[in-house]
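Inspection log for the structure reproduced underneath, given as structure tokens.
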Amino acid sequence: MTLFSRKTFAHGIHPPGLKDDTKGLPIRQFPFAPVLVVPLSQHIGKPAVPVVREGQEVIRGQCIAQPDGFLSVAMHAPASGVVRRIGLTPSITGRMTSGIFIDPFPASTQEVPEGTPCDAATANPEEIVAAIQQAGVVGLGGAGFPTHAKLKMPEGKSVDTLLVNGAECEPYLTTDHRVMLEHSDDVFAGIPYLMRATGATRTIIGVEANKLDAAAVLNAAIPDGAPITVETLPVKYPQGAEKMLIKALLGREVPSGGFPLDVHAICTNVTTTAEIGRLLPRGLGIQERVVTIGGPGIKNKGNYRVPIGTPLRFVLEWAGMEENLTRVFLGGPMMGQAVSSLDIPITKGSSGVIGFTSCESSPLNDSKHYPCIRCGYCVDACPIFLNPSQLGLLAENGEYLRMSEDFHLMDCFECGCCTFVCPSHIQLVQHFRIAKAALRKAKVEAKAKDDAKDEPKPKDEPKAEAKAKMLA
Amino acid sequence: MNSDPLWAIFLNACLINNFVLAYFLGICPFLGVSGKLATATRMGGAVTFVMVVSSMSAFGINSLLLMIDAPYLKLISFIAVIASTVQLVEMFIKKMSPALFRALGIFLPLITTNCAILGLALFQTNKGYGLLQSFVYALGAGAGFTLALVLMAGLREKLELAKTPDIVKGTVITLVLAGLLSVCFMGFAGLSN
Amino acid sequence: MCPVLAVTNTAKNALAMGLATAFVLIMSNLVVSSLRRYVPKQVRIVTFILVIATFVTIVDYLIQAISLELHKALGAFISLIVVNCLILGRAEAFASKNGIYRSLLDGLGMGVGFIMALLCLGVVREILGSGSLFGLQLFGEGYQEWIIMLLPPGGFFTLAGWLLLFNWLAKRRERRANSTGKESIS
Amino acid sequence: MLVLTAVGSIGGLTLILGTALVLANSRLHVEEDPRIDAVEDMLPATNCGGCGYPGCRPFAEALVTGAVLPGKCTVSPETEQIRIASYLGVDVGAEEKQVARLACAGGANVSRDHAHYEGLESCGGSALVGGGGKGCFWGCLGLGDCEVACDFDAIEMSRHGLPMVDEDRCTACGDCVTACPKDLFSLHPQSHRLWVACRSQEEGDEILNDCHVACTACGRCAMDAPGQIEMRNNLPVIDYSEGTLTAKPAQRCPTGSIVWLDPKEGAVRGQSARKIIRRDALSDAPT
Amino acid sequence: MYRAVVGIGLACGIAIVMVYELTGPIIRQNKIEMREKAITKVLPGATTSAAFRLNQSGGFDPVPSDNEGDDLVFAGYDDNHELVGLAIAARGMGYQDVIRLLYGYSFEKQAILGISVLESRETPGLGDRIETDPDFLRNFGNLDVSLTPDGAELANLIEFVKPGEKNDPWQIDGISGATVTSKATANMLSESSARWIPTVHPKKEVFQYREGVE
Amino acid sequence: MKRLAKILDIRSSPHVASGQSVDVIMFNVVLALLPVTAFAVYTFGLAAILTLATAVASCVGTEYALCRFTGRETSIGDWSSTVTGILYGLTLPPSLALWMVAVGGIIAVSLGKFLFGGLGYNPFNPALVGRTVLQATFPVAMTNWPATPVDRFTSVPSSTLAWPFTEPAYDAVSTATPLASWKFEQEMTDTGDLLLGTVSGSVGETCTLLILLGGLYLVARRMMNWRIPVAILLTVALFSGLLNLSNPKHYADPLFMWLSGGLMLGSVFMATDMVGCPMTHPGCVLYGILIGVLVVVIRVWGGMPEGVMYAILLGNAASPLIDNWIQPRVYGTTGNQS
């Protein structure tokens, strides 16, 4: 382990860490809510298909929904209980999605029966990929991308390095930190599955320097002879982003619009890795996840193992909230999404529940909004080397098409660095989200129109683009 | 005969007495085509090219007129020659590069009635420049025109996204910018000393 | 508009330039409209330019004959009347399609308008720039001239100022018209 | 002598130049259909895209090639379309006037918010933040993206934050349809009078806590007009092609989520629904 | 088509020639008057003038006075047909563009008697003070351009000095605030006088008044 | 379904911010300018106080009036017009008539800033717009440098209090700025004097050391891009150094170039105006080089002794082009954008 590695990426920002409240608190089990809601779409891709009926009794860990297609994963019952109904539930995206409502049996021991194990040493890559899909594993860092889909090697692609992402650069969040400290064995149990599935020959675990204890624990726990190294990285946001981590650890740049595979790397979150290491040898599926519950608006801060589907209202009531709690978001404060309804359940992607009170005057909230003064702070902050200032001006004028064509809007992954540093308090990220949504919509409309037309007309695509331009 | 050194002629035409910013020549295309940088660059190139061509033909015509001692025909023959030269160039571009033609659009015929072109021919004969001097003068004037046009286009592209008051948008702001650029160019005064 | 801006630094020059332009405008309108039947479409522009250039040459010599001083002040810009978009524009858009009488009226109207426009510029620039109007001192001895008004930037700024004023007036008129004519939709 | 030089040189000059131009004209001429310009002149030049082409010029090109009929232009008045049609010698191909309609009636006077949205004043923006905070996840966010998108000033936001479409001005260009992040707008022929002004797919009365005019999927309308209205995804779907529709289903609707759009009186609701509509906005506190 | 173009071209040609013929004499007269005015200004006392052109051999030929060009000198005569002096043109780069001016040379005083600006685009109110500033114009009341004893060159070249520091008769006091233009004026005078004075001075006789010359 | 008990606030991420703010930045620029201002007052006395006060008052007043007139929310609170006012005042000759100062201030804010849409959209530095337009308007007054009287704290030059629109009367004793005396008389000024500011010149451009101090403060607080002044100064040094080597008599040495005139004030406080300079670091360096070259060219070969303000304005004019050509290389792509 090199203690003070200077490996990092260019640009980025240094937000305050704010992890001290929870980083020393061990993971605790969270109680079961009176009703658990398992949304069928907790991942990117098609929703899973329920395989239970209303009124059916389920056992904890039982598969209750099967994947629909390759970009979809299975769902498992978070508790033993009875399926009350299958209906609409609000989700963090602001749309209603279908979910399975389960009333847990209050008296149940909530034990999980083991299933068919999958052995890392003997299984072939296809089996591992299938097992991971069946276990319902998605990226637990927050993105929600089905992990097995990453591991499936397309024709002609190869991977030499597996990167395990322990950067956890978001303020407040300490789940990865605790997992690395408490479940290093799971991490090292998970790594062989991933290496075997992808054919990677070495593994690097990247840990930010504010988690030196975790790095030390991992380093000490590396199995003898395993091609695994632990690297500490300078503390910088957004080091935990896939592209940034690859740049920091390998010095390679993922091509614009491409994937880590294009530079022979694959990147998984450390908690995801630990989860694979915990589930696969026992043939289980995900029924709970570690969540940091913190922020100034929360009374009993801590790291909890929360059953999937626990409604936020229950989480907050149980953890206790301050009187003047006004904002709650899932994930960290940089990229986490604001919660509009407390009926939203905890999903596989929820790495944190952060509550702010009305006293936490985020400068974005209260101060004046100024026009862009072209100070260039955002240009210096953007880890993707975009020009957020220009993009912001274009967005205000509704020039969405130019944003994507001339200024690489689609490379933006909404890390929030630009908005964080902006002295004019311009909601750059939100502008970009609107622009992307409008462009996506225009594209879909164009495609729909294309399909609907009997004779394909070349004029249709420009038309949709013109539309996108007109949206302001 | 004029004995100004070539570099002084170039600097003079390009910076000190910039056609657009000091002589108000070629304002129409300056206001019209300076909206987009890409177009402005091409327009600048086109004007420079036409300037050189018409400067050369004006020099020829002028020598001819001096030979037959008919200075009173200067203006009418200049305009005729320049107009037809430009029209030929226009047809040529339309034939050779429809894309370029489309980009410059209606402004190609505008070059015909672009005072900068005729002004160049007139000034050059008034100053009594020789062939080489005329050539350099045309190059300088074209470069100056392009420079002003490109600077303007850059500024206007930037301002397009600005919250400029409605009544100022368009011609007014362009004129103000031209005035400010003109003030800036005053810094070059006296350069050729 | 282009070439005439340069000589509007005094009201006198502006007036002279305006008159010269108006003269060319009216005469060329006349000639063009009377010739319109005989000129084939392909060579229309060429002949128009020839006609205009002729009148400009004539004006040039006339001014030289009237006052060499004035000719010196206006310089090569008289010749540049040829390429004034207005003249060719009117010839092409109006005179070539209308009768002599109407073309004459059109030329007169446009010419007067043009003179007014140039005067607007010239008056402002001379008053501020030299403290005089048509060469007449307006203020006392101690007046501090605003030199910039006599220089090219002053021309740009003055024109911008007038346009701004007109825009503002138009906007105000529009707003007034709107505020009465708007009905609510239920 | 002077006259001779002048005449000779000018004559010679014009002769040479004229020849050059004539030659060039024949050699370098680029063929372009003059009718395109003529037709473009007759089009409204709004470049709205309502015809399905990126602008008026491409539409003009398509008109000239006969790929499309003048009636496709939703903006230009009928007289202009007839002019174009007679110029090109084709049919007008007029279509019935379409207008944009909003499938939501939940203004601030009848609906509540779950959460208070802060940020850019744009529906598109707020929709991306937890759905915008409106109690009904399907409902109109009321920040007026459609109003901005409309090039014809046909949309104005009402006092209670709902867009109102001026059917006379609406050209059915479809910009509002694209602009609405909740996809509440759609284009319909003006003659379609019966209209479902709700998109909520929730079943039962619980939705009424969030919006008093939401559809509760009670199905009464479907019973009133069998064959013409059927319930799909907890929402009535009207089949306009099946016979003549009457205002009856709208009168029976208990929440007023089905309305009858009368050309004179505007949206007509049933007796029970009329009581719901309040003059002023609801307070944020839940009942 | 040809007929129309050529016809109109011919008509235009004729019109122009006619106007040229009509206005030509007046214009010529105007030009002469204007120059006379300038010559009177630079040669106090002169009322009439005659033009001479430098020929190949270094001599001067009388030419009609409506001729133009930089290689001309003008002799000025008073009411008694006495030669007052020569008016010589000078040109040089000013602050903004070329400045052309005329200066008067007196054979008796071997000095420059006055200048008149023919053409300048200098900054109004600043650079154009070379025409109006009385302090500056006073320099040319009697600016020494005397020749060396052998007559081959100027004894002292004209020099430019800071405002208020004129000590010698061949020095020109600058205008404060318009240093560049006044310096340019001094330079072009210096250059022109160094070239012309040695040439014209010995040929005083050539320029004496003759009948028949305007 | 149970309904929410309380209304939450929702907003787009990120939910935290750095706390940097435009008004704070502008206020710090004012702070950084304080030493220079204080020194100006010390050197030129009452005249400097009046000039600076009028400059600031006219700029802020114009901003306020225009905002009122157009019905915009007033933008005085962002301190930017104050910065403009101080910078503009610092570039004026101490004896300038106060009515001219006011005219320039009005021009600076209205023509230089407000017409373009206010803060953030002005392509040129407003203070320099005011200064340059004033230079073109009243060239004589703007190049008049009277010797500072001993009783500078009790009396003002006679020209200062001229009635509006009248030509000011100038005191007889005038001095030349170091640059002018070098340009027109080839006289060098002592380096020590230049450093300490005991020379004639504009109100705030004389003391180089204090300007640098202010600049260092801003750099330390990361409110200024140090690359711009460094690029300008290095270019000037290199270019004039080469000239100086080729002909020491004819061309001044780099140190003199650095310390004389408005180069320090301009490169530290005006060229670095965020609104008018390019956004990327390479762009800023290019911009600095361009300004540096123009400064030397205008100073050495141009008609005027000083060219910094023209150079910076031309740099401003060129910065959209620079921004257009030099875009950051986007992660994962090989070439430039667009």
A side-chain contact here means heavy atoms from C-beta on lying under 4.5 Å apart; do A:Met334 and F:Val16 qualify?
yes
Is any side-chain heavy atom of F:Leu8 less than 4.5 Å from a side-chain heavy atom of A:Leu342?
yes
Can you check whether A:Phe329 and F:His15 have ring centres sitting under 6.0 Å from each other?
yes
If only atom types and distance count, is the side chain of F:Tyr331 paired as donor or acceptor with the main-chain N or O of A:Leu386 below 3.5 Å?
no
Just verifying a value: how many Å separate A:Cys378 SG and F:Met279 CE, rounded to the nearest 0.5 Å?
5.0 Å
So NE2 of A:His425 and OG of F:Ser18: to nearest 0.5 Å the spacing works out to 7.0 Å
May I ask you to test the F:Gln327-A:Asp406 pair for a side-chain heavy-atom distance under 4.5 Å?
no
Quick one: what part of F:Asp23 sits under 4.5 Å from any heavy atom of chain A, side chain, backbone, both or neither?
both
Atom pairs and distances, side-chain donor-acceptor, residues 283-294 of chain F, under 3.5 Å, sequence neighbours left out:
from     : atom 1 : to       : atom 2 : distance (Å)
F:Tyr287 : OH     : F:Ala271 : O      : 2.9
F:Tyr287 : OH     : F:Asn316 : ND2    : 3.1

Heavy-atom contact with chain A under 4.5 Å, split by part of F:Leu119:
both
Value for CZ (F:Arg329) from OG (A:Ser256), rounded to nearest 0.5 Å, stands at 10.5 Å
Residue, of F:Ser80, F:Gly77, F:Gly276, F:Gly120, that accumulates the most heavy atom pairs under 4.5 Å with chain A:
F:Gly120
